[in-house]
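Computed from a prediction, not measured in an experiment: that's the story for all the values here. Side-chain atoms are counted along with the backbone in the values below, which use heavy atoms only and exclude waters and symmetry mates.
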Amino acid sequence: MPNLIEFSDNVAELRESATIAVSQQARALRAAGRTVLDLGAGEPDFATPPWIVDAASKALREGATRYTAVAGIPALREAIARAATAESAAAGTDGVEADQVIVSTGAKQALFSACFVLFGAGDEVLVPSPSWPSYDQILRLARATPVPVPGDPERGLRMSADAARDAATPRTRGLILNSPCNPTGAVYSAEELGALLALAAERDWWVVSDEIYRGITFTADAPSALHVAANRDRLVVVDGVSKRYAMTGWRLGWAIAPREVITSMTALQSQMTSNATTVSQHAALAALSDIPRATVDVQRMCGGFRTRRDAARTIVIEAGIPHVPPDGAFYLLLDVGAAAAARSSTDGGDIGGTGFARRLLDRHGVATVPGEAFGAPGWLRVSYAAPTDDVVEGVRRVAALYRATD
């Protein structure tokens, strides 16, 4: 018998990303010859706008192939600050300076770095539930303790300030926000954000606001914590180009934070990846240097997402599936708990969204993500970031399984 590998305590509880695992499983089944409708993906299916790709190609031809400053090329940091300042002016709040910005290898790295420099052993951090599973894992890697705060079903599963206050202890050091939300698509109002930020300021908590889906909304714009907070002394706002500009593979994100935090995050990043990929920085610079042109592409993509959302919701409503009405992002969170429980005996006792998702994939060829991954047992996340025909057919199969009695 070979000796078992003993890993360090650093990764003893680390779990693979459930959302990435679903996409990999769908690709593997397709490679094996199965027809699979992938409604598990967390990325836009649209192509990066061609003019952004052209700008990246031009940058490569002009020599954008070497290291940059760890925190990002100055022009990009300035463009990010300029865009944030323009929004701040419209909201009547202070602007942002380039030295309050760090450019990272995707928003996930910015989130990791922020949590790693702000939280540590013994710290508790409030996390809305349900939420993206990486928040939990990132905080555990930082040796902090994530504390789930259940969202209110009457408010689209959004976390309230009262719920956060009730979940806090003397060890609470921070709060994570996410709007528009993954997996619900819910959008926090300025009043809701304001109440949470006021509570955090009152308790001297750090706030890490993940706003990667802010560009994808269907009713009113999603307010940013950057423009709602009375002060930004303990606020980190994370964003990027992946969702808004369909640039997931470019791996380019950033954080806006107090200068001292940016300095510490830069030092950490210098020992991890160093700078974000140079050509990706130039692609992002192109997008942020022509906001009117980029906005046309964003609105076009949002129109496509809205059409798919409405078509999917029509099927879901007709099937009587409880769900969170999404105002942003590109997800539907469906409550399939009752249907899953009714089939538990035929699924070998596998109750919950996991059993429902497994049956849906094995028997009906539709890949989704079970709610257990997000802290929502009995729920199912369906992504409509897929071709319209796939979304409609896939959701029809979800509805058929939900109504089935076998």
Side-chain angles (χ1 to χ4, degrees), residues 17-46 130 133 157 182-186 216 218 304-326 329-374 376-406:
S17 166
T19 51
I20 292 175
V22 167
S23 292
Q24 290 175 338
Q25 185 178 13
R27 283 194 290 269
L29 288 172
R30 283 176 175 152
R34 284 278 305 275
T35 298
V36 176
L37 302 177
D38 187 0
L39 303 188
E43 64 176 336
D45 61 307
F46 298 103
L157 295 177
N182 176 11
T184 64
I216 304 174
F218 309 120
F305 287 135
R306 184 185 294 109
T307 297
R308 299 168 187 178
R309 178 202 65 168
D310 293 347
R313 283 200 71 206
T314 296
I315 297 167
V316 165
I317 291 169
E318 288 176 351
I321 307 176
H323 65 286
V324 177
F330 35 73
Y331 306 114
L332 273 172
L333 190 66
L334 310 178
D335 184 355
V336 298
R343 291 162 184 75
S344 62
S345 59
T346 58
D347 281 335
D350 194 356
I351 301 174
T354 299
F356 190 95
R358 181 177 294 113
R359 191 183 185 100
L360 185 64
L361 180 57
D362 291 346
R363 299 194 182 188
H364 302 277
V366 181
T368 57
V369 184
E372 282 81 351
F374 307 96
W379 292 71
L380 188 78
R381 193 193 78 174
V382 174
S383 169
Y384 45 91
T388 302
D389 289 347
D390 286 2
V391 171
V392 170
E393 178 57 28
V395 175
R396 281 177 180 159
R397 295 182 192 181
V398 172
L401 179 58
Y402 182 83
R403 292 190 299 248
T405 57
D406 63 322

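For the residue pair Leu39 and Ala386, the shortest heavy atom distance occurs at CD2-CB, 4.0 Å. Among all heavy-atom pairs drawn from Ala311 and Val392, the shortest one is CB-CG2, 4.0 Å. Taking each heavy atom of Phe356 and Val398 in turn, the nearest pair found is CZ-O, 3.8 Å. In terms of heavy atoms, Pro133 sits closest to Ala373 at CB-O, 3.1 Å. Closest non-hydrogen pair, Asp335 versus Gly378, comes out as OD1-O, 3.5 Å. Residues Ala385 and Phe330 come closest through the heavy atom pair CB-CD1, 3.7 Å.
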- side chain to side chain contact (heavy atoms under 4.5 Å, CB included) between Arg308 and Asp45, worked out: CA-CA 12 Å; Arg308 299 168 187 178; Asp45 61 307; 2.7 Å; yes
- Could you go through the side chain to side chain contact (heavy atoms under 4.5 Å, CB included) check for Val369 and Leu380 one step at a time? CA-CA 6 Å; Val369 184; Leu380 188 78; over 6 Å; no
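Side chains of His323 and Arg313: a donor-acceptor N/O pair is present below 3.5 angstrom, by distance only.
Between Val324 and Tyr331, every side-chain heavy-atom pair lies at or beyond the 4.5 Å cut-off. You'll find the side chain of Pro183 stays beyond 4.5 Å of the side chain of Trp379, heavy atoms only.
At a threshold of 4.0 Å, the pair Asp362-Arg34 does not count as salt-bridged, since none of the basic side-chain nitrogens sits closer than that to a carboxylate oxygen.
No option in Thr184, Thr368, Asn182 other than Asn182 meets the side chain to side chain donor-acceptor pair (under 3.5 Å) test with Arg381.
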